[in-house]
Amino acid sequence: MGAIWAIGELADGAPTKLTLEVATLARTLAEKAGSEAKTVLVGEGAAAAGSAAAAYGPDVLAVEVDGGLADRPLAAVVAPRLAALIEERQPSYVLVGASNDGKDVAGLLLGLTDLPLLANGAGVSWGDGGPRVEMSTFGGKLVTHSAFSEERGMVIVRPASVTAEATAAPGKVETVGVSVAAELPQVRVTDRVEETGAAAPIEEARVIVGAGRGIGSPDGLRVIEDLAEAMGGAVGATRAVVDSGWVPYGQQIGQTGKIVKPALYLACGISGAIQHKVGVQTAGTIVAINKDADAPIAEFADLFVVGDLFEIVPRLAAAIRARKSGSS
Amino acid sequence: MTRLSNEQVALRDAVRELADDKIAPRAAEIDQSGEFPWDMVELLAKQDILALPFPAEYGGLAADMISMLVVIEELSRVCATTGLIPAVQELGSLPLLHGGTDEQKQRWIPDLAAGKMLAAFALTEAGAGSDAANARTRATRDGDDWIINGEKRFISQGDVAGLVAVFAVTDTSPEQVNAHRHMTCFYLEKGTPGFSAPRVEHKMGIRGSTTAELAFADARVPDANRVGEVGDGWGLAMKTFERSRPGIGAQAVGIAQGALDVAVKYAGERKQFGKPIGLHQMIGAMLADMATHTEAARQLLWGAAERIEAGDPHAARWASMCKLFAGDTAMAVTTDAVQVLGGYGYTTEYPVERMMRDAKITQLYEGTQQIQRLIIARDLLANL
Amino acid sequence: MNIVVLLKAVPVVGTERLDGSLLTDRSVQLEANGNDEYLLEKALQLTETHGGETILLTVGPAGATEPIRKALAMGAARAVHVVDDAIKGSDMRATLDILAAALRKMEYDLVFAGADTSDGQGGVLGAALAVRLGVPYLSYASEIEPIDGGVRIHRLSPTGYDVLEAPTPAMVMGTQLLGAPRYPSLRGIMQARSKPVEAWSLADLGLAPAAVGGGASTTKTLDTSKPPERAGATFVREPADAAVTQVVDFLAGRRLI
């Protein structure tokens with residue numbers, strides 16, 4: 001059996017949290033499979049970032065990329081190099097984290113190589129001679145387990161489906177050279193625009209306060225933001241709120257947004273439709289605040305406060321602040 | 001049993017969504033204010049609903065009859081006044097469609113199809129309701145024009161229409177009267193000197209659909225506005241009813257369905273004596289009968305439409321039957337709906353009292369139920 | 001500009017289930033994949049403004065004619081429906097082969113694909129197709145506009161967006177941020193009946209049945225289960241102040257504050 005590769009992503013010169021999760025996964029699967037694992041980093045500064053990734057177990061293959069490709073989309077640069085490396089070293093399984101760039105890389109690899117692909121993996125274990133990939137489908141209604149017909153394939157792995165775990169025996173970093181026969185058809189990045197109010201990625205937050213239609217208007221967001229601040233958490237929103245233009249898409253939680261796994265999720269004015277449920281159902285604790293005691297969210301919340309969120313949320317924020325300052 | 005084609009289902013679903021989202025929220029206000037809902041006209045025009053009955057070459061959608069009936073039903077389900085708008089647009093245009101020249105159609109239909117102008121149908125008079133042939137409004141030839149004198153009464157949307165089909169007597173000789181060749185159809189544009197709408201009625205129901213009195217005082221209309229030959233008026237009116245009566249049947253089915261939906265929902269939620277009242281037998285039986293009659297009315301309506309469109313020789317009988325049954329069904333179902341909701345049904349908190357008031361007109365206009373029965377009986381006995 | 005929109009026909013949301021072979025049951029009523037309708041809307045806006053045609057491409061069973069008709073009613077000019085019994089059970093690789101073969105027989109400036117599908121596996125085929133067709137690939141578009149000889153998009157980034165440009169023909173994958181799809185007008189519904197829908201079989205594409213379908217699949221579904229249930233909720237129905245005290249105690253008890 002060939003190796004199991006974790007394809008890593010760099011942000012600001014360091015491997016992303018998702019990379020470390022996927023690296024952990026590759027390591028644990030390789031242990032069960034009795035084969036070896038590698039973390040592959042392709043990009044500018046790959047070698048320098050190598051040791052941070054190697055702390056999570058697998059040896060790292062670092063492929064440096066010429067700065068001259070900086071005006072091209074990341075995936076377009078990474079994928080042909082990975083394809084060449086895959087061709088050369090013939091890993092059995094390739095795991096890719098489901099960031100936007102990761103999905104692009106996996107899609108391009110589907111075209112560049114002949115590896116089969118299973119997308120939307122919510123959990124991967126080692127099954128009968130190969131990975132057993134758990135996927136949630138139909139908006140979260142059903143869970144399926146799939147495998148490959150042959151002993152090779154690619155799996156796209158969702159964030160927070162694995163907990164990143166550093167190891168006592170870090171791997172080695174090997175800088176590798178790769179030559180590509182041809183670059184992909186040209187796409188140029190002509191500008192990178194930062195938008196004000198773009199929040200830190202909510203996937204990283206320990207506490208998330210979610211805003212649903214119940215907030216009524218963009219003004220209704222203020223109490224939500226205040227509660228998030230009191231708890232040191234992030235603000236998320238349902239698709240309805242994002243479609244109304246009150247919250248940016250990057251904070252959308254659900255099947256067509258982010259899947260999050262915070263320790264605490266406070267759902268304010270959210271009915272709990274299944275497409276939203278799939279985004280939060282693995283959170284540690286779910287507290288719902290809603291006027292309607294029959295809302296579907298009652299089926300998967302731990303605590304359901306029946307009431308007007310505009311009454312409850314400000315008082316809750318105040319109570320938490322008071323408690324933190326030790327005066328309660 | 002008639003089933004809808006995929007396209008008719010698509011039409012129905014599109015109009016249903018529009019009705020639920022944009023029209024239902026306005027229904028109570030339209031009823032309370034009694035004001036003609038121009039915003040609904042705009043909405044219907046924008047969605048091409050008013051274009052349905054017109055030929056494609058004049059900007060219409062050439063819809064088949066059942067498609068038209070499905071649309072009227074879906075609108076009437078949430079607002080009988082709004083449901084009437086496309087029905088009256090068709091009613092007022094049918095004489096033109098049946099008897100007009102290509103030039104006349106070219107002149108008027110594009111604006112009617114685009115919803116830029118509303119049409120109305122003026123046959124009824126104070127002294128000529130069921131006995132419509134006894135109309136007195138006169139049209140006298142004067143050179144290339146006609147001069148019209150008289151009054152019309154109970155004309156749906158007669159005051160808001162830009163174009164009105166007016167049926168006037170052009171020959172009082174007994175032979176022509178007996179042969180029903182005494183009337184001629186003229187289309188008058190709003191603003192014609194001598195043509196006015198001095199009054200609107202205060203009504204029990206469909207209160208947003210303004211019902212007007214029309215007055216003609218030496219109103220001059222060019223011969224180019226005569227539709228059909230002199231003496232064709234009565235025949236054009238009868239031909240019109242073959243299509244327009246099912247339209248009212250559709251309005252009635254819609255009203256019934258709307259009331260049924262409210263009653264079923266209420267009976268499922270309201271608990272008395274430990275369970276939802278719908279599970280108590282007397283209420284359950286009422287709901288069952290309401291649903292069965294509504295479906296039967298709908299099926300008769302569609303069956304009639306298929307036959308009328310196919311040119312059935314008994315088209316007039318089919319048109320009367322479906323309007324008769326649907327109107328009586330609407331009245332019975334809405335009355336029962338108020339009953340199911342009890343005291344609450346009597347208040348304006350629920351729409352059923354409005355639906356009951358709206359339903360009554362379907363037993364009155366477009367030919368009373370008694371006239372429909374006369375027509376059906378005569379047709380049954382026609383070969384004697 | 002001619003735009004081909006990839007339209008996936010999926011079971012009506014809420015009625016989805018697996019069949020006996022643990023494949024998505026497509027014998028139920030089908031509708032257009034939600035996200036694809038956003039791409040269709042954008043394509044319609046672009047062809048309405050800049051001229052050209054919006055063409056639909058669907059690989060699906062007979063029931064796919066329903067969502068195709070609706071998309072034609074929204075304003076697409078015509079459709080290509082690849083339908084063949086042998087396609088059932090095809091994995092992503094086979095679907096890719098079929099779509100690539102179909103697109104090679106079509107002319108276009110742009111191909112649009114959606115970022116997600118109701119079965120969760122969306123967002124990857126577009127990239128693979130672009131490689132097969134040898135065209136540029138632009139993804140996660142929140143905005144699309146034509147430029148001289150090419151296309152420009154806004155690509156979502158963690159901090160805002162990047163502006164990408166490429167020559168056409170090109171493949172663009174887009175998100176819900178492109179704007180909600182229109183309701184079909186009645187005129188559109190009735191005009192749809194006369195718009196051409198070409199049905200292509202595997203033979204028309206030069207593909208052998210043995211190369212696609214369940215038999216050739218490189219992946220397989222082993223089993224299914226319901227998502228794990230959480231232990232029901234505890235309800236708090238007190239007035240606001242008392243309720244908040246309960247919440248704080250609850251959170252403290254779980255060491256969350």
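Below, chain A is the first sequence line, B the second, and so on; all start at residue 1.
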Check against side chain to side chain contact (heavy atoms under 4.5 Å, CB included), C:S225 and A:H145: CA-CA 8 Å; C:S225 54; A:H145 291 102; 4.2 Å; yes
Stepwise side chain to side chain contact (heavy atoms under 4.5 Å, CB included) check, C:V124 with A:I156: CA-CA 10 Å; C:V124 284; A:I156 298 180; 3.5 Å; yes
Check against side chain to side chain contact (heavy atoms under 4.5 Å, CB included), A:V306 and C:V236: CA-CA 6 Å; A:V306 184; C:V236 174; over 6 Å; no
A:L108/C:Y137 under side chain to side chain contact (heavy atoms under 4.5 Å, CB included): CA gap, chis, key distance, verdict: CA-CA 9 Å; A:L108 292 170; C:Y137 174 64; 4.2 Å; yes
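Atoms CE and OG1, from A:M154 and C:T219 in turn, are 11.5 Å apart once rounded to the nearest 0.5 Å. With rounding to the nearest 0.5 Å, the separation of CZ in A:R188 from CG in C:D162 is 13.0 Å. With rounding to the nearest 0.5 Å, the separation of CD in C:Q176 from OH in A:Y249 is 5.0 Å. The CG atom of A:L110 sits 6.5 Å away from the CG atom of C:L125 when rounded to the nearest 0.5 Å. With values rounded to the nearest 0.5 angstrom, A:S146 atom OG is found 8.5 Å from C:D223 atom CG. Atom CD of A:Q252 and atom OG1 of C:T175 lie 9.5 Å apart (nearest 0.5 Å).
Put simply, of C:A180, C:A233, C:P11, C:A100, the one with the most heavy-atom pairs under 4.5 Å next to chain A is C:A233. Looking only at heavy-atom pairs under 4.5 Å with chain C, the residue among A:I312, A:T282, A:T190 that has the most is A:T190. Of the listed residues (A:I289, A:T144, A:V187), the one with the most heavy-atom contacts under 4.5 Å to chain C is A:V187. Taking C:P136, C:A166, C:S139 one by one and counting their heavy-atom pairs under 4.5 Å with chain A, the maximum is reached by C:P136. Chosen from A:R158, A:M135, A:R72, A:R239, the residue pairing most often with chain C at heavy-atom distances under 4.5 Å is A:R239. Of all the listed residues (A:T285, A:V305, A:L264, A:L184), the one sharing the greatest number of non-hydrogen pairs under 4.5 Å with chain C is A:T285. Options C:V10, C:T24, C:L22 differ in how many heavy-atom pairs under 4.5 Å they form with chain A, and the most are formed by C:T24. The choice from A:L303, A:V189, A:D128, A:V242 that makes the most heavy-atom pairs within less than 4.5 Å of chain C is A:L303. The candidate with the highest count of non-hydrogen atom pairs below 4.5 Å against chain C, out of A:R152, A:K277, A:R192, is A:R192.
Interface remark: A:A76 contributes no atoms to any contact with chain C (heavy atom separation under 4.5 Å). For a residue to count as touching a neighbouring chain, one of its non-hydrogen atoms must lie under 4.5 Å from one of that chain's; by this rule A:E311 touches chain C with backbone and side chain alike. Using a 4.5 Å cut-off between heavy atoms, C:S217 contacts chain A through its backbone alone, with no side-chain atom that close. Proximity to chain A (any heavy atom under 4.5 Å) is shown, for C:L164, by both the backbone and the side chain. Within the 4.5 angstrom heavy-atom criterion, only side-chain atoms of A:R206, from C-beta onward, approach chain C. Interface residue A:V287: only side-chain heavy atoms are found under 4.5 Å from chain C. Residue C:N35: no heavy atom, backbone or side chain, is found under 4.5 Å from chain A.
Considering only heavy atoms from C-beta on, C:T234 stays 4.5 Å or farther from A:D302 through its side chain. Within the 4.5 Å cutoff, the side chain of C:T159 has no heavy atoms near those of the A:E195 side chain.
Annotation for A:D12: atom CG does not count as buried by contact number, only 12 or fewer foreign heavy atoms lying within 6.0 Å.
Contacts from residues 127-134 of chain C to chain A, taken as heavy-atom pairs separated by less than 4.5 Å, involve C:A127, C:A128, C:V131, C:R132, C:G134 in sequence order. Residue-level contacts of residues 111-121 of chain A with chain C, in order of numbering, are A:G111, A:L112, A:T113, A:D114, A:L115, A:P116, A:L117, A:L118, A:A119, A:N120; threshold 4.5 Å between heavy atoms. Of all residues in residues 245-257 of chain C, those placing a non-hydrogen atom less than 4.5 angstrom from a non-hydrogen atom of chain A are C:V247, C:V248, C:F250, C:L251, C:A252, C:R254, C:R255, C:L256, C:I257.
Between C:R155 and A:D101 there is a salt bridge, since a side-chain N of the basic residue sits under 4.0 Å from a carboxylate O of the acidic one. The residues C:R152 and A:D191 are annotated as not salt-bridged, no charged nitrogen and carboxylate oxygen being separated by less than 4.0 angstrom.
Defined by atom type and a distance below 3.5 Å, a donor-acceptor pair is missing between the side-chain atoms of C:Y140 and A:D104.
Within the structure, every pair that satisfies the ring-ring contact (aromatic ring centres under 6.0 Å, His included) test and touches residues 287-318 of chain A, not counting sequence neighbours, is listed here: A:F304-C:F235.
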